[in-house]
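To start, the structure itself, in structure tokens.
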Amino acid sequence: DPWQSFNQPVFAFNHGFDRYLLRPVAKVWSIVLPDPGRRGLDRAFDNLGMPQRFVNNLLQGHPLDAGTELARFVVNTTAGVAGFIDVAHLLHLEEHDADMGQTLGVWGAHPGPYLMLPLLPPLTVRDGIGRGIDSALNPVGYFAVPIVVTIPVDVVQAVNERSLKLKLFDNVEDDVIDLYSAVRNAYLQKRRHAVESRRPSMAGVVHV
């Protein structure tokens, strides 16, 4: 963790932001909007992530998964009322999550140092670059001036997503001695698995 001296203060800021602002707002949001509505909104936001998943599944060498993502988008956008209802799941069309950081890893790019940035989730240098590329695939920015639309949408998405995880993170700092290291290690392990699980299988390849 060569950038730990930078990362730890940023982590403390992000943790404080979540504890004293985002989480309280999310609690109010959970009262204003009942659970079915919040879960439907979460599915609608997830539906908008189809271009990212479609492109990255293709780039990772999984065209069938990319096709499934496209089919899910068509079904959920139409029959699922803009994605609020996951009709595709009822048709056994399951989501295949994929992002550019993962794609770069599948191509052999090393993760680089662990990185914390204000108001963003944990990253590595590779995942930070990938996040920037993926943001260009976000369809919301295509319909208006990005700063006018994407910021309010991102805020609503963050608050709604946090409201669905209130119990998951309750008192987590009380159970962990070194929260920074625990989050870092969990993230790096999760991303390592995400990359390895998407590498094309070498089964059947003939070595000369």
Side-chain angles (χ1 to χ4, degrees), residues 1-8 10-11 14 42-77 83 86 88-89 92-143 146 150 153-154 157-158 161 165 180-208:
D1 192 359
W3 296 347
Q4 184 171 350
S5 60
F6 171 82
N7 289 335
Q8 281 191 307
V10 177
F11 175 81
N14 287 349
D42 186 61
R43 287 190 290 267
F45 280 126
D46 188 67
N47 192 52
L48 290 175
M50 183 282 294
Q52 169 192 311
R53 295 190 295 271
F54 176 78
V55 170
N56 282 294
N57 272 296
L58 283 180
L59 293 176
Q60 291 174 21
H62 299 280
L64 293 180
D65 292 347
T68 300
E69 281 296 326
L70 185 58
R72 279 180 53 83
F73 180 76
V74 172
V75 170
N76 284 343
T77 301
D86 191 357
H89 174 72
H92 306 290
L93 295 170
E94 302 300 335
E95 182 178 301
H96 297 280
D97 197 20
D99 60 73
M100 184 55 69
Q102 185 186 50
T103 298
L104 294 173
V106 170
W107 288 351
H110 294 287
Y114 180 69
L115 176 63
M116 291 295 309
L117 294 175
L119 306 181
L120 289 180
L123 297 166
T124 60
V125 171
R126 182 185 68 200
D127 289 344
I129 294 171
R131 185 182 179 91
I133 298 173
D134 283 336
S135 66
L137 300 173
N138 187 343
V140 173
Y142 301 155
F143 298 106
T150 59
V153 169
D154 289 344
Q157 183 175 7
E161 184 176 337
K165 299 176 180 178
Y180 169 81
S181 296
V183 171
R184 178 197 60 203
N185 295 339
Y187 175 78
L188 293 177
Q189 182 177 355
K190 177 183 177 181
R191 293 301 291 172
R192 189 180 304 116
H193 174 73
V195 170
E196 293 298 330
S197 67
R198 299 293 287 176
R199 291 189 190 277
S201 173
M202 298 304 291
V205 175
V206 177
H207 297 279
V208 179

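Here the structure is a predicted model, which is why all the values come from computation and not from measurement. By convention here, the first residue in the shown sequence is residue 1.
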Measure the shortest side-chain to side-chain distance between Trp3 and Val10 over non-hydrogen atoms and say whether it is less than 4.5 angstrom.
no
Those residues at least two apart in sequence (or on a different chain) that pass salt bridge (charged side-chain N to carboxylate O under 4.0 Å, His left out) with Asp65 are Arg198
dist Leu123:CG -> Ile129:CD1 (nearest 0.5 Å) comes out at 10.5 Å
The complete set of salt bridge (charged side-chain N to carboxylate O under 4.0 Å, His left out) pairs with one or both residues in residues 100-119, sequence neighbours excluded, reads none
Contacts of Val74 meeting side-chain contact (heavy atoms from CB on, under 4.5 Å) (sequence neighbours excluded), chain-then-number -> none
With sequence neighbours left out, the residues meeting salt bridge (charged side-chain N to carboxylate O under 4.0 Å, His left out) with Glu94 are none
- request: Would you mind reporting whether Thr124 and Leu115 have side-chain heavy atoms less than 4.5 Å apart?
  value: no
Asp42 meets the side chain to side chain donor-acceptor pair (under 3.5 Å) criterion, sequence neighbours left out, with none
Check your understanding: Do other residues, nucleotides or ligands put more than 12 heavy atoms under 6.0 Å from Glu196 CD?
Key -> yes
Q) With distance as the sole test, does Asp134 use its side chain to make a donor-acceptor pair with the main-chain N or O of Met100 at under 3.5 Å? A) yes
side-chain contact (heavy atoms from CB on, under 4.5 Å) filter on Val55, not counting sequence neighbours, yields Leu59, Leu137
- request: Give a yes or no on whether the backbone of Thr103 and the side-chain of Asn56 come within a donor-acceptor separation of less than 3.5 Å.
  value: no
When rounded to the nearest 0.5 Å, the distance separating CG of Leu48 from CD of Gln157 is 8.0 Å
In this structure, CD of Gln60 is separated from NE2 of His96 (nearest 0.5 Å) by 12.0 Å
Residue pairs passing the salt bridge (charged side-chain N to carboxylate O under 4.0 Å, His left out) test with at least one member in residues 104-124, sequence neighbours excluded, are none
Practice prompt. Step through the shown structure and confirm whether more than 12 heavy atoms of other residues, nucleotides or ligands are within 6.0 Å of NE2 on His89.
Written response: no
In this structure, CG of Asp1 is separated from CG of Leu188 (nearest 0.5 Å) by 8.0 Å
In this structure, OG1 of Thr68 is separated from CG of Leu70 (nearest 0.5 Å) by 9.5 Å
Hits for side chain to side chain donor-acceptor pair (under 3.5 Å) against Thr77, two or more places apart or cross-chain, chain-then-number order -> Asn47
Between Leu93 and Ala71 the two heavy atoms that sit nearest each other are CD1-CB, 4.1 Å
Here the salt bridge (charged side-chain N to carboxylate O under 4.0 Å, His left out) pairs for residues 118-133, sequence neighbours left out, are Asp127-Arg191
Interatomic distance, OG@Ser181 vs CD@Gln4, rounded to 0.5 Å, equals 6.0 Å
Any side-chain heavy-atom pair of Asp99 and Gln52 under 4.5 Å
yes
Check: Can you find a heavy atom in the side chain of Tyr114 that is under 4.5 Å from one in the side chain of Val183?
Finding: yes
Residues passing the side-chain contact (heavy atoms from CB on, under 4.5 Å) test with Ala66, sequence neighbours excluded, are Phe54, Asn57, Leu58
Residues passing the ring pair (Phe, Tyr, Trp, His ring centres under 6.0 Å) test with Phe11, sequence neighbours excluded, are Tyr180
Sorted by chain and residue number, the side-chain contact (heavy atoms from CB on, under 4.5 Å) partners of Glu95 (sequence neighbours excluded) come out as Asp46, Arg53, Glu69, Arg72, Asp97
